[in-house]
Protein chains: 2
Amino acid sequence: MAVDGVEVDLEARFAGIVGAQHIQAGEAIGERYRVDITRKYQSQPAFVVKPATVQEVSAIVTLAAAAGMPITMVGGQTGTVGSAVPVNGGLAMSLERMNRVVEIDPLSMTMTVEAGCILQLAHEAAEAQGALLPLDLGARGSATIGGVIGTNAGGNRVLRWGMMRDMVIGLEAVLADGTIISSLTKMLKDNAGYNWKHLLIGSEGTLGIVTRAVLRLRPLPSSRQTALIAAESFEQAITALRRLEVTLSGRLSSFELMWGDFFAAMTEAQLSQRPRPMELGHGFYVVVEAMGGDAETDLAQFERVLMDMIEENVLANAVIAQSERECEAIWAVREDMTPGLTPLRPFASYDVSMGVGDMPAFVAYAQANMAKAYPDAKMLIYGHAGDGNLHAIVSTGQLNPNIQRGFDTVIFGAVRDVGGSIAAEHGIGVSRAPFLSWTRSAAELALMRVLKDAIDPKHILNPGKLLDAM
Amino acid sequence: MAVDGVEVDLEARFAGIVGAQHIQAGEAIGERYRVDITRKYQSQPAFVVKPATVQEVSAIVTLAAAAGMPITMVGGQTGTVGSAVPVNGGLAMSLERMNRVVEIDPLSMTMTVEAGCILQLAHEAAEAQGALLPLDLGARGSATIGGVIGTNAGGNRVLRWGMMRDMVIGLEAVLADGTIISSLTKMLKDNAGYNWKHLLIGSEGTLGIVTRAVLRLRPLPSSRQTALIAAESFEQAITALRRLEVTLSGRLSSFELMWGDFFAAMTEAQLSQRPRPMELGHGFYVVVEAMGGDAETDLAQFERVLMDMIEENVLANAVIAQSERECEAIWAVREDMTPGLTPLRPFASYDVSMGVGDMPAFVAYAQANMAKAYPDAKMLIYGHAGDGNLHAIVSTGQLNPNIQRGFDTVIFGAVRDVGGSIAAEHGIGVSRAPFLSWTRSAAELALMRVLKDAIDPKHILNPGKLLDAM
């Protein structure tokens with residue numbers, strides 16, 4: 001390949017940067033660097049390189065940019081929209097050797113961590129110091145810090161602690177020309193110039209390569225209360241949400257809403273493993289969780305507010321976990337989805353958002369239009385209701401690009417009708433890009449292109465994704 | 001003035017957009033559009049225009065851009081660094097006619113508000129619906145929503161609810177070429193493309209003109225607990241902070257740390273109005289506030305954790321407010337600063353940030369270097385300790401540009417030494433710009449310039465501030 005007009009052996013040059021044992025080429029590249037968890041997109045990158053320092057990352061980017069070779073970051077590959085699948089013939093970069101927790105500062109309540117660190121290892125390092133890194137999601141055992149920053153990951157506790165964006169207070173990154181940019185600060189407040197960190201967070205590797213971050217920690221809660229509650233109407237469920245927010249004031253960490261048919265399908269399929277934690281027949285079920293620092297008071301308060309709402313007919317029922325085992329059984333309804341989803345395979349899944357008050361309209365539109373277009377379709381809805389985030393599973397027993405496109409049209413059309421977003425948590429990547437203009441205006445897309453062209457004018461960083469995939 | 005090479009009567013053209021009664025020119029322009037609260041910078045803009053709609057804002061920007069006339073937004077003018085002082089001969093734009101609370105959505109817990117709305121009126125509108133707009137600061141009666149977005153304002157409750165950035169979930173703005181860009185969404189989660197909102201927030205009017213926002217509300221807390229506590233060492237004060245964060249778990253809303261000499265000076269000067277709420281002689285004093293939804297339990301828990309810490313010798317003393325009047329008396333120590341500051345006039349004031357754990361080193365450096373450079377200087381330190389944000393007041397009884405520069409050099413030098421920021425809350429504007437490079441690297445400044453040049457290539461929006469003032 002030519003660099004500045006001169007033919008060079010790129011593999012040798014990359015090997016010169018990272019060492020020959022930290023580069024793989026062509027057929028030698030393992031599958032984990034070529035696909036993501038959905039296995040919907042596959043590719044054959046020219047190289048995988050594994051730098052050990054930010055200086056090596058910078059040198060690799062400088063060389064790749066000179067050669068016009070696109071760069072895609074590969075991490076835990078737990079994304080669902082194709083963002084982290086490399087470009088054919090391009091460069092895949094893995095930070096698996098940059099996986100250290102560099103420092104935990106218990107006075108400042110911050111953790112400095114390299115981007116290749118697995119989320120769960122970061123959790124464990126924080127907990128060992130009596131601190132909580134609040135971002136939590138199912139893929140915690142594989143997802144990397146760089147990945148959850150690049151996608152601005154969410155999860156089950158956003159209601160209380162926010163998304164990854166809200167936990168990143170310092171950042172180090174490499175830009176498309178190899179520049180190392182660093183602001184590894186430890187304070188919550190910094191109004192000194194433009195906040196470039198927020199531009200990189202959630203940009204799916206298209207604006208810069210995150211190499212290190214300072215994350216905000218919280219003191220580790222010492223008590224946890226979990227309940228499964230039932231309400232007959234959506235309005236009652238949201239009344240319960242706001243009531244819990246007031247009474248538990250800051251302690252409420254999860255409010256996972258499930259439509260009645262989702263609850264029925266999941267618990268039915270789980271019966272061989274555990275009994276249903278509550279009877280069928282209610283309109284809505286919610287997994288509620290609160291965390292605090294005062295076990296006795298916290299549990300009494302949690303029980304009282306739930307019982308009050310039952311007496312006032314806001315709630316139809318409530319089961320409060322009295323042990324860790326009961327807590328796990330309640331969470332399993334929402335998290336152990338494999339048995340319930342298996343009969344629906346192949347299915348399409350969605351991650352959309354809207355104002356909490358607009359959820360009933362979204363569901364009504366989506367159900368009506370889905371029934372019209374696919375009378376046999378089964379649709380299950382659940383999600384992080386407090387964040388305005390719903391997930392939907394849609395199945396007709398078969399799936400092909402036409403059907404997928406038909407489902408997408410119904411769901412994203414309903415999202416557009418209520419002023420929502422087609423991507424609450426999972427990003428745009430490749431699979432959502434054709435619909436990005438459905439909820440982003442021409443002016444917004446034009447500004448995004450201006451930003452991309454200004455920061456990565458040659459489109460070296462993760463081309464073919466997000467705006468490039470529209 | 002020439003627009004596209006043709007001489008035009010700009011005043012008539014602006015009047016044609018907003019109506020003749022909504023434009024003032026030259027000497028007719030009131031002082032409030034020409035200065036900010038510090039009165040350090042003054043100017044004589046050519047016009048003040050007061051549009052009533054985003055379309056009028058867009059038309060004004062389009063015309064001004066064609067004429068090469070710079071635009072500065074004027075709001076409550078409560079900033080302290082000169083950001084909102086217009087350019088001589090330029091255009092001052094006031095959104096005082098765009099001051100409505102457009103909608104409060106109690107299900108989604110959002111408020112849609114025009115940028116000219118006064119913060120306190122937004123507070124009151126939210127409270128009338130049982131909701132809290134958490135951003136609060138001393139200038140609440142004058143500061144506008146556009147202003148607190150443009151400066152990413154902070155205040156006394158950042159510890160719990162974050163800065164303005166964390167409350168803005170939807171935004172409408174006008175870009176430098178007159179483009180109206182709008183994403184007035186109501187959900188917390190939206191990972192569909194680059195987050196341009198975060199780039200505009202805190203950009204001090206240099207990247208776009210915010211015209212409307214959707215803000216996140218919280219259910220209104222029904223209980224409030226306030227205390228003044230004392231600790232002998234900084235480490236003990238921070239131990240108390242973390243202990244309160246755990247035990248009050250999410251309810252802790254303020255932790256306002258005051259060095260002993262600040263407490264002594266303020267309470268001494270206030271003695272004619274109210275008795276000292278606690279004896280002198282301790283190393284550190286803190287105003288602590290928590291809010292919740294369960295008055296009885298909340299107060300008992302608050303009292304217990306403070307008493308526990310006294311028994312364990314973490315705290316030297318604690319006074320818990322038993323009435324609204326006692327609560328006000330405690331807050332007055334921190335907020336009624338005029339009597340205590342008057343004898344120090346003229347003084348320089350600072351708003352800096354750093355990791356909480358780095359605060360003692362910052363104070364030690366600043367005190368040592370100030371004593372060396374200005375043996376007579378008196379320095380008082382206080383701040384939002386949980387956020388890593390300290391304020392400092394420095395006085396030698398006189399102030400001129402040389403002395404100001406000398407103080408700046410000591411304070412910002414100490415900030416640089418501990419990896420902090422020269423502007424925690426108040427922004428850069430004009431007065432802090434010469435020091436921006438002390439805590440921002442060349443790579444960061446270069447990226448900021450790339451962003452500015454891409455979004456506002458003609459530097460129409462608020463030139464002479466921030467990067468332009470370096």
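Lettering follows sequence order; numbering is per chain, from 1. Computation of the quantities below employed the complete heavy-atom set of this structure, encompassing side-chain atoms and omitting hydrogens, waters and symmetry-equivalent molecules.
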- Side chain from CB out, backbone as N, CA, C, O: work out which of these in A:Ile428 comes under 4.5 Å of a heavy atom of chain B, or both, or neither. both

- Message: Within this structure, what is the CG-CE distance for the pair B:Asp190 and A:Met354, rounded to the nearest 0.5 Å?
- Response: 11.0 Å

- Message: Under a 4.0 Å threshold between the charged nitrogen and the carboxylate oxygen, would B:Asp351 count as salt-bridged to A:Lys189?
- Response: no

- Query: Which bit of A:Met163 is near chain B, if near means a heavy-atom gap under 4.5 Å: side chain, backbone, both or neither?
  - Reply: side chain

- Message: I'd like to know which of A:Gly355, A:Gly130, A:Gly388 tops the heavy-atom pair count under 4.5 Å against chain B.
- Response: A:Gly355

- Note on the structure: Whatever's closer than 4.5 Å to a heavy atom in chain A on B:Thr151 counts as backbone

- Would you mind checking which part of A:Gln301 comes under 4.5 Å of any heavy atom in chain B, side chain (CB onward), backbone (N, CA, C, O), both or neither? side chain

- Evaluate the side-chain proximity of B:Lys197 to A:His198: yes if any heavy-atom separation is below 4.5 Å, no if none is. no

- Item | Side-chain heavy-atom pair A:Leu188, B:His384 within 4.5 angstrom cut-off | no

- Item | Interchain contact, A:Arg251 with chain B, by part (heavy-atom threshold 4.5 Å) | both

- Task: Please answer whether the main-chain N or O of A:Pro219 pairs with a side-chain N or O of B:Arg242 as donor and acceptor at a distance below 3.5 Å.
- Result: no

- If you take all heavy atoms of A:Asp358 and B:Ser108, which pair is closest and at what distance? N-OG, 4.3 Å

- Toward chain A, the part of B:Ser253 with a non-hydrogen atom under 4.5 Å: neither

- Message: What I'd like to find out is whether the side chain of A:Glu204 reaches to under 4.5 Å of the side chain of B:Asn191, using heavy atoms alone.
- Response: no

- Considering only heavy atoms, which portion of B:Ser203 lies under 4.5 Å from any heavy atom of chain A: side chain, backbone, both, or neither? both

- Message: If I measure from the heavy atoms of chain A, does B:Leu467 come under 4.5 Å with its side chain, its backbone, both, or neither?
- Response: side chain

- Task: Establish, from distance only, whether the side-chain atoms of A:Arg160 and B:Ser249 form a donor-acceptor pair under 3.5 Å.
- Result: yes

- Shortest non-hydrogen contact between B:Ser183 and A:Glu444, atoms and distance: CB-OE2, 3.3 Å

- Message: Minimum heavy-atom separation for A:Arg218 and B:Leu159, please, with both atom names.
- Response: NH1-O, 4.4 Å

- Query: Are side-chain heavy atoms of B:Val246 and A:Leu220 found at a separation under 4.5 Å?
  - Reply: no

- Message: Between A:Ser353 and chain B, with a heavy-atom cut-off of 4.5 Å, which part of the residue counts as in contact: side chain, backbone, both or neither?
- Response: both

- Query: Side chain, backbone, both or neither: which part of B:Leu466 has a non-hydrogen atom closer than 4.5 Å to chain A?
  - Reply: side chain

